[in-house]
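A quick write-up on the structure given underneath.
Just follow the structure's listing: the first ligand is 1, and inside any ligand the first atom is 1. The analysis underlying the following values was restricted to heavy atoms, covering all of them including side chains, and did not include hydrogens, waters or symmetry mates.
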Amino acid sequence: MLPPPPMRGVFRADRRARAAYAEGAGIFRMLPAAVCVPIGREDVAAIVHWAAAHRVSLVPRGAGSAMGGGNVGEGVILDLTGLPPRLEIDPARRIARTSASVPLAELDREAGKAGLRLPPDPSSSAWATAGGAVATNAAGARSVRYGSVRRWVQSVEMVTADGETTELRRGVRGTASALRRFEEEAAPLIRSASEEISARFPRTRKNSSGYALDAYLASGDPLDLVIGSEGTLGVVTEVEWRLDPVPPCRGGLRIALESLDSLTAAVESLLRFDPSAVELLDRTFLELVGEGGAEAVLLVEVERETPEEVKAAVAAAAKAVRHLAAAVDTGLTPDATQRLWAIRHAASPILAGLPEERRSLQVIEDACVPVDRMSEYVRAVRERASARSVPVVIFGHAGDGHVHVNLLPRVTAEGWEADISLLLEEVTDEVVRLGGTPSGEHGDGRLRAGLLQRVYGGEIMSLFQRVKRAFDPLGILNPGIILPTGEPPLSHLKVGAGAIALPDDIAQELRRIEQQAGYGRNRLELA
Ligand SMILES: Cc1cc2nc3c(=O)[nH]c(=O)nc-3n(C[C@H](O)[C@H](O)[C@H](O)COP(=O)(O)OP(=O)(O)OC[C@H]3O[C@@H](n4cnc5c(N)ncnc54)[C@H](O)[C@@H]3O)c2cc1C
């Protein structure tokens with residue numbers, strides 16, 4: 001029996017509290033050993049010391065909305081939503097400082113009062129925490145113009161696996177023991193492997209898979225390794241963000257394509273007009289929401305300084321794609337754009353209302369390929385899934401070549417787990433063949449950890465191990481995430497005969513959170 005850590009906040013090791021944290025978004029269910037909800041950075045440090053002393057692992061966690069299973073595990077959940085909600089905006093410097101617990105939407109609300117915003121705009125910002133967004137290198141529809149959150153993180157305060165609190169700031173050499181170990185044991189190896197890194201890292205517009213050795217090589221900042229490290233290199237307690245002015249004028253387009261072959265050409269044409277979003281709704285999505293007829297719809301947003309600039313950009317973009325499209329609709333104001341885009345939100349309630357035997361599962365859900373291979377990728381997913389009789393819903397961030405997929409297997413059918421497992425294997429092979437990454441923005445979690453060897457190869461994988469060992473020699477921070485343990489990717493499913501039992505009322509509440517996207521909910525209330 002574990003003694004409680006010497007901390008302020010909540011420590012619970014009873015079965016109901018553990019059950020309340022057994023799931024995040026995504027497909028996994030795992031019962032943690034206990035739950036800690038610290039209320040300050042000193043408490044986080046105390047928990048890390050305690051975990052090291054007792055050789056128990058920690059699973060850092062924000063809102064639990066990430067898809068790959070980085071927010072669940074058999075170690076002790078470290079729920080960071082209890083950290084005091086610091087949120088300070090410096091409009092003159094266009095900087096914000098938030099604690100890890102602050103949801104991105106709150107940051108945007110405060111920044112908006114000064115005409116500023118955090119541009120990438122993840123659709124989960126209502127609940128996704130600053131810590132979770134940094135840890136997954138989150139992105140959003142506007143990443144096509146503004147990149148992933150990496151570009152906007154100036155520094156983080158982090159508790160290392162040694163229990164030291166340190167700041168990692170761009171351009172500043174850190175002094176914490178973990179950083180010293182990294183500089184001595186891992187950094188020289190990374191630098192001398194620059195050719196292999198350049199050859200093996202996917203040339204995609206986004207990548208949240210593996211440790212970002214390429215970004216680290218470009219900047220020299222260990223901060224770039226921590227961004228996207230999914231709680232495996234340190235526990236983020238505060239984040240300093242760069243902000244950007246909100247452009248005053250916005251318009252949009254809705255483009256229906258008759259052929260998947262036109263997708264790549266249409267997107268490449270649109271990118272020339274510097275759009276702030278180019279979103280894809282595939283035929284599978286359109287059929288689900290009862291808007292069938294096109295092979296794909298592209299939703300485009302353009303932001304400019306004046307209405308005249310919006311008008312010119314929308315007209316030019318429409319002209320550039322008209323020969324590829326069955327229909328082009330345009331809007332010149334934010335309201336008109338919103339009307340064109342309304343269809344984008346139509347799938348969520350339908351997916352949430354599916355009967356229990358037909359579940360929407362995020363298994364091959366986050367791949368990003370070079371934009372010129374996107375049509376091939378969408379076609380491959382459709383064909384592979386159809387060959388295994390698994391319906392799919394495909395949508396995503398077309399401007400970045402980044403495609404989300406929801407599988408809709410019948411979970412009462414004989415052998416459905418084997419089917420989706422094979423599908424994951426086959427589609428991953430396609431991603432690698434097309435020069436893509438298995439994760440554009442959600443991170444690897446435990447879902448994709450076992451796939452990375454075939455994406456990056458042995459030399460890069462051993463560099464990932466070196467990075468991990470330098471930051472976390474005892475392996476207490478989120479084991480099994482990014483670096484594989486050898487377990488099959490679809491172990492610990494929340495659905496099906498193998499799912500561990502939870503108290504009925506808690507299982508129902510977790511299901512409700514999933515169906516209603518209620519990830520902002522305090523999980524201890526369930527217990
Ligand atoms: C409906 C829906 C829509 C979504 N849309 C988007 C989208 O548009 N773009 C996008 O990028 N993602 C999206 N996501 C995924 C998810 O919201 C993001 O990955 C988000 O950044 C996760 O934040 P969180 O607070 O929920 O983190 P969690 O899920 O709790 O944790 C995610 C990972 O980060 C680690 N972590 C969390 N906090 C910390 C910390 N303080 N220090 C160190 N490690 C930490 C965890 O260990 C875990 O590995 C969506 C999810 C859902 C359910």
Side-chain angles (χ1 to χ4, degrees), residues 21 23-26 28 38 41 44 48 57-73 75 77-83 98-105 120-143 148-150 156-161 206 208 226-239 277 279 344-345 347-348 351-352 360 362 365-366 368 395-397 400 402 404 406 439-447 449 471-472 477-482 513-521 523:
Y21 284 87
E23 295 182 7
F28 297 106
R41 62 168 75 79
V44 174
V48 170
S57 60
L58 295 172
V59 181
R61 176 159 164 144
S65 71
M67 301 282 194
N71 45 26
V72 292
I77 295 281
L78 178 52
D79 177 346
L80 295 149
T81 59
L83 294 178
T98 65
S99 41
S101 55
V102 169
L104 295 184
D121 197 29
S123 60
S124 54
S125 62
W127 60 80
T129 62
V134 169
T136 52
N137 187 24
R142 295 205 176 104
S143 292
S148 305
V149 301
R150 175 185 309 287
V156 301
E157 179 191 84
M158 176 174 107
V159 175
T160 69
K206 286 154 114 177
S208 277
V226 168
I227 296 169
S229 65
E230 300 186 66
T232 62
L233 301 184
V235 182
V236 174
T237 46
E238 285 198 356
V239 185
E279 296 288 285
R344 182 169 176 245
H345 303 291
S348 303
L351 291 174
S360 170
Q362 295 81 19
E365 47 107 20
D366 196 36
C368 184
F395 57 101
H397 310 297
D400 283 322
H402 182 198
H404 294 309
N406 283 21
S439 177
E441 66 186 14
H442 292 164
D444 297 312
R446 58 187 68 254
L447 173 60
F471 275 90
D472 179 18
L477 295 176
N478 229 354
I481 306 307
I482 300 180
I513 287 174
E514 178 185 331
Q515 288 173 318
Q516 299 173 352
Y519 295 99
R521 181 126 180 240
R523 300 309 194 280

Which atom of [X] lies closest to which atom of [Y], heavy atoms considered:
X: Glu514; Y: Tyr519; answer: CA-OH, 3.5 Å
X: Gly62; Y: Thr81; answer: O-CG2, 3.5 Å
X: Asp444; Y: Ser439; answer: OD1-CB, 4.2 Å
X: Arg446; Y: Gly73; answer: NH2-CA, 3.6 Å
X: Gly70; Y: Val59; answer: O-CG1, 3.5 Å

For ligand 1, which atoms, with element, lie under 4.0 Å from some heavy atom of [X]?
X: Ala138; answer: 11 (O), 21 (O)
X: Gly131; answer: 38 (N), 39 (C), 41 (N)
X: Gly234; answer: 43 (C)
X: Gly70; answer: 46 (C), 47 (O), 48 (C), 49 (O)
X: Ala66; answer: 16 (C), 19 (O), 26 (O), 29 (O), 32 (C)
X: Ala135; answer: 34 (O), 35 (C), 36 (N), 44 (N), 45 (C)
X: Pro122; answer: 7 (C), 8 (O), 9 (N)
X: Val235; answer: 42 (N), 43 (C)

Quick one: pull up [atom1] in [X] and [atom2] in [Y] and give me the separation to the nearest 0.5 Å.
X: Lys206; Y: Asn137; atom1: NZ; atom2: CG; result: 9.5 Å
X: Leu78; Y: Ser57; atom1: CG; atom2: OG; result: 11.0 Å
X: Leu104; Y: Ser125; atom1: CG; atom2: OG; result: 6.0 Å
X: Leu477; Y: Ser229; atom1: CG; atom2: OG; result: 9.0 Å
X: His345; Y: Ser123; atom1: NE2; atom2: OG; result: 8.0 Å
X: Gln362; Y: Met67; atom1: CD; atom2: CE; result: 4.5 Å

Contact with ligand 1 for Ala133, non-hydrogen, under 4.0 angstrom: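 Within the 4.0 Å threshold, so yes.
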
What protein heavy atom sits nearest [atom], and how far away is it?
atom: atom 8 (O) of ligand 1; answer: Ser123 N, 2.8 Å
atom: atom 46 (C) of ligand 1; answer: Pro60 O, 3.0 Å
atom: atom 2 (C) of ligand 1; answer: Trp127 CZ2, 3.9 Å
atom: atom 20 (C) of ligand 1; answer: Ala128 CB, 3.7 Å
atom: atom 25 (O) of ligand 1; answer: Thr129 OG1, 2.7 Å
atom: atom 53 (C) of ligand 1; answer: Tyr519 CE1, 3.5 Å
atom: atom 24 (P) of ligand 1; answer: Ala63 N, 3.5 Å
atom: atom 31 (O) of ligand 1; answer: Asn71 CB, 4.0 Å

With heavy atoms only and a cut-off of under 4.0 Å, state how [X] meets ligand 1: side chain, backbone, both or neither.
X: Asn478; result: side chain
X: Thr136; result: side chain
X: Ala100; result: side chain
X: Met67; result: side chain
X: Leu80; result: side chain

Whether His442 and His402 hold their rings parallel, tilted or perpendicular, with breakpoints at 30° and 60°: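 Because their plane-to-plane angle is over 60°, the rings of His442 and His402 count as perpendicular.
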
Would you mind finding which of [options] brings a heavy atom closest to [atom]?
atom: atom 9 (N) of ligand 1; options: Gly140, Gly228, Ala139; value: Ala139
atom: atom 41 (N) of ligand 1; options: Val134, Val236, Leu83; value: Val236
atom: atom 17 (O) of ligand 1; options: Gly445, Gly64, Ser65; value: Ser65
atom: atom 12 (N) of ligand 1; options: Arg142, His442, Arg446, Glu365; value: His442
atom: atom 13 (C) of ligand 1; options: Ser148, Gly24, Ser124; value: Ser124
atom: atom 27 (O) of ligand 1; options: Gly132, Gly396, Gly231, Ser229; value: Gly132

Verdict with reasoning, Glu230 to Asn71, per side-chain contact (heavy atoms from CB on, under 4.5 Å): CA-CA 8 Å; Glu230 300 186 66; Asn71 45 26; over 6 Å; no

Test salt bridge (Lys or Arg N to Asp or Glu O under 4.0 Å) applied to Arg41 - qualifying residues, sequence neighbours left out: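 Partners of Arg41 under the salt bridge (Lys or Arg N to Asp or Glu O under 4.0 Å) test: Glu157, Glu238.
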
Test side-chain contact (heavy atoms from CB on, under 4.5 Å) applied to Leu83 and Val44, step by step: CA-CA 9 Å; Leu83 294 178; Val44 174; 4.1 Å; yes

side-chain contact (heavy atoms from CB on, under 4.5 Å) partner of Val235, chosen from Val156, Leu80, Thr160: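 By the side-chain contact (heavy atoms from CB on, under 4.5 Å) criterion, Val235 pairs with just one of Val156, Leu80, Thr160: Leu80.
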
Gly62, any N or O under 3.5 Å of ligand 1 N or O: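 Gly62 vs ligand 1: N/O contact under 3.5 Å present.
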
Residue pair Asn478 / Thr232, side-chain donor-acceptor N/O under 3.5 Å: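 The answer is no; no qualifying pair exists.
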
